[in-house]
There are 2 protein chains.
Amino acid sequence: MSGEPGDDREQLDYLSFVDYAVARTARELPDIDALAMRFVLTLHRATSALVYDLESSVHRPRGLTWPGFRLLFVLWLAGPAEAKRVAELTGMSRAAVSALVKTLEREGLVCRRQVAHDRRSVQLALTEVGRVAIADAFAAHNAREQDWVGVLSESEVVTLIGLLGKLMAGSARIAARRRS
Amino acid sequence: MSGEPGDDREQLDYLSFVDYAVARTARELPDIDALAMRFVLTLHRATSALVYDLESSVHRPRGLTWPGFRLLFVLWLAGPAEAKRVAELTGMSRAAVSALVKTLEREGLVCRRQVAHDRRSVQLALTEVGRVAIADAFAAHNAREQDWVGVLSESEVVTLIGLLGKLMAGSARIAARRRS
DNA sequence: CTCCACTAGTCAAAGCTTTGACTAATCCCT
DNA sequence: AGGGATTAGTCAAAGCTTTGACTAGTGGAG
């Protein structure tokens with residue numbers, strides 16, 4: 001596995017790299033599980049492409065980042081919540097939420113309050129500006145999601161969701177590491 | 001959509017948030033495409049969980065980051081290549097590759113050379129240390145990938161790969177934004 | 001040959017993430 | 001009530017990413 005020339009390496013791009021990588025690995029490292037490799041490469045590339053498109057076409061033009069959108073979205077749906085809970089629901093670490101909220105608070109989208117029953121915790125909530133921003137962003141976000149999903153049939157999407165759910169459910173069985 | 005209490009918000013966590021969000025949105029914003037919403041939420045969460053597990057259980061313990069692993073992987077398979085090409089194959093921007101290579105070069109995993117025919121471009125290649133590092137990391141990476149994929153049947157994985165491929169292929173049709 | 005457009009790469013500022021340390025408040029056991 | 005263990009949140013250092021600007025080098029049109 002040295003990358004010497006003389007192979008079929010012409011006109012390789014982001015899409016075809018997966019095929020190239022799997023073919024080459026299968027040839028030179030037969031002990032590797034090629035299907036698992038292809039799956040993870042494909043999943044990662046598809047998700048990256050989707051997230052990049054949503055962030056750059058929907059959120060950045062509105063002054064939001066992808067993590068900012070996700071945090072506002074959780075507050076919008078779940079209501080005012082303590083930082084710890086927001087971290088759990090968004091899948092971010094507590095430190096990441098803390099840093100992100102600092103930005104969102106400065107922009108006037110979120111506010112922090114002391115909680116009565118436990119002076120350690122901080123309650124996070126949308127401001128009125130934040131509520132309007134997330135409602136607008138989510139509408140555009142969902143429209144763009146529809147464009148993406150539109151290339152699949154409804155039953156294909158249902159199948160995909162089901163299999164991804166099974167994958168997630170299985171992560172507990174293999175003791176996958178999760179954010180603290 | 002205000003997050004007032006009195007709903008079914010108890011014992012909500014990272015996994016069940018998708019169900020909660022979709023149910024609530026379907027109830028209060030009937031114009032939203034709930035299936036597209038569920039799909040994107042599920043895809044993003046599944047991928048994040050997988051990447052977090054691979055990075056924290058396989059790569060960080062070896063002193064690699066996830067982007068570092070990806071860049072080494074491309075150089076390993078595609079052979080020495082100009083920075084622009086590495087950016088295309090990894091899906092990173094040229095600026096991101098430039099910054100990442102600075103770290104990898106400092107750690108002695110990658111080296112930079114001038115190219116003869118065009119004095120603007122820089123050729124990137126693995127060092128011997130880099131070659132050993134990526135070979136070791138990829139073996140462990142693939143073993144972990146197998147654990148994840150092991151919860152699905154082979155035909156389920158093939159289905160998943162096919163549908164994700166169709167999704168990616170469709171992104172051209174909707175003029176999805178891609179990294180420059 | 002000259003000039004202008006384009007290309008490769010780097011840099012800088014700002015943002016998000018991670019780990020690990022640290023503070024402050026709460027809990028619980030004796 | 002006292003004291004140790006937990007827990008919530010923040011901070012700091014280091015790394016990666018983005019956008020946009022900037023430097024060099026290349027190449028084609030006149």
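Residue numbers start from 1 in every chain, and the chains themselves are labelled A, B, ... in the order their sequence lines are given, proteins ahead of strands.
- Spacing between atom NE2 of B:H59 and atom P of D:dC16 amounts to 14 Å, rounded to whole angstrom units.
- Shortest non-hydrogen contact noted between A:S57 and B:R177 is CB-CD, 3.7 Å.
- Each of B:E82 and A:E107 was matched to the nucleotide of DNA chain C holding its nearest heavy atom; the match closer to the 5' end belongs to B:E82.
- Taking atom CG of residue A:L64 and atom P of nucleotide C:dG15, one finds them 13 Å apart after rounding to whole Å.
- Proximity of B:L41 to A:F73: side-chain heavy atoms (C-beta onward) are separated by under 4.5 Å at one or more points.
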Short N/O separations, protein against nucleotides 10-12 of chain D, under 3.5 angstrom:
unit_1: D:dT10; atom_1: OP1; unit_2: A:R112; atom_2: NE; d: 3.2
unit_1: D:dT10; atom_1: OP1; unit_2: A:R112; atom_2: NH2; d: 2.8
unit_1: D:dT10; atom_1: OP2; unit_2: A:S98; atom_2: OG; d: 2.9
unit_1: D:dT10; atom_1: O5'; unit_2: A:S98; atom_2: OG; d: 3.4
unit_1: D:dC11; atom_1: OP2; unit_2: A:K102; atom_2: NZ; d: 3.4

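- The CG-C1' distance, from B:L104 to D:dT17, rounds to 15 Å in whole Å.
- Contact between the side-chain N/O atoms of A:R119 and the OP1/OP2 oxygens of C:dA24 is not found at any separation under 4.0 Å.
- What separates CZ of A:R179 from C1' of C:dT17 is a distance of 8 Å, to the nearest Å.
- Across the protein-nucleic acid pair, B:F69 atom CZ and D:dG15 atom P stand 20 Å apart, rounded to whole Å.
- Considering only side-chain atoms of A:R106, the nucleotide from D:dT17, C:dG15, D:dT26 that sits closest is C:dG15.
- Toward the 5' end of DNA chain C, the nearer of the two residues A:R70 and B:Q123, judged by each one's closest nucleotide, is B:Q123.
- Salt bridge annotation for A:E88-A:R85: absent, with no cationic side-chain nitrogen under 4.0 angstrom from a carboxylate oxygen.
- Using a 4.0 Å cut-off, some side-chain N or O of B:T65 falls inside it from OP1 or OP2 of D:dC16.
- The side chain of A:S121 places no N or O atom within less than 4.0 Å of a non-bridging phosphate oxygen (OP1 or OP2) of C:dA25.
- Note on B:S93: a side-chain N or O is less than 4.0 Å away from OP1 or OP2 of D:dT18.
- Residues satisfying the salt bridge (charged side-chain N to carboxylate O under 4.0 Å, His left out) criterion with B:E107, sequence neighbours excluded, are absent altogether.
- By the 4.5 Å side-chain criterion applied to Ile, Leu, Val, Met, Phe, Trp and Tyr, B:V132 is assigned to no cluster and stands alone.
- Side-chain contact between B:D53 and B:W148 is present, with heavy atoms from C-beta onward closer than 4.5 Å.
- In this structure, A:L100 places its CG atom 18 Å from P of D:dT17, rounding to the nearest Å.
- One finds no side-chain N or O of B:R60 lying less than 4.0 angstrom from the OP1 or OP2 phosphate oxygen of C:dT18.
- Between A:R62 atom CZ and D:dT18 atom P there is a gap of 20 Å when expressed in whole angstrom units.
- What separates CZ of B:R85 from P of C:dT7 is a distance of 18 Å, to the nearest Å.
- Contact of the A:Y14 side chain with the A:R45 side chain is registered, since non-hydrogen atoms from C-beta on lie closer than 4.5 Å.
- For B:R120 and C:dT7, a side-chain-to-base donor-acceptor distance below 3.5 Å is present, hydrogens and geometry of angles not being considered.
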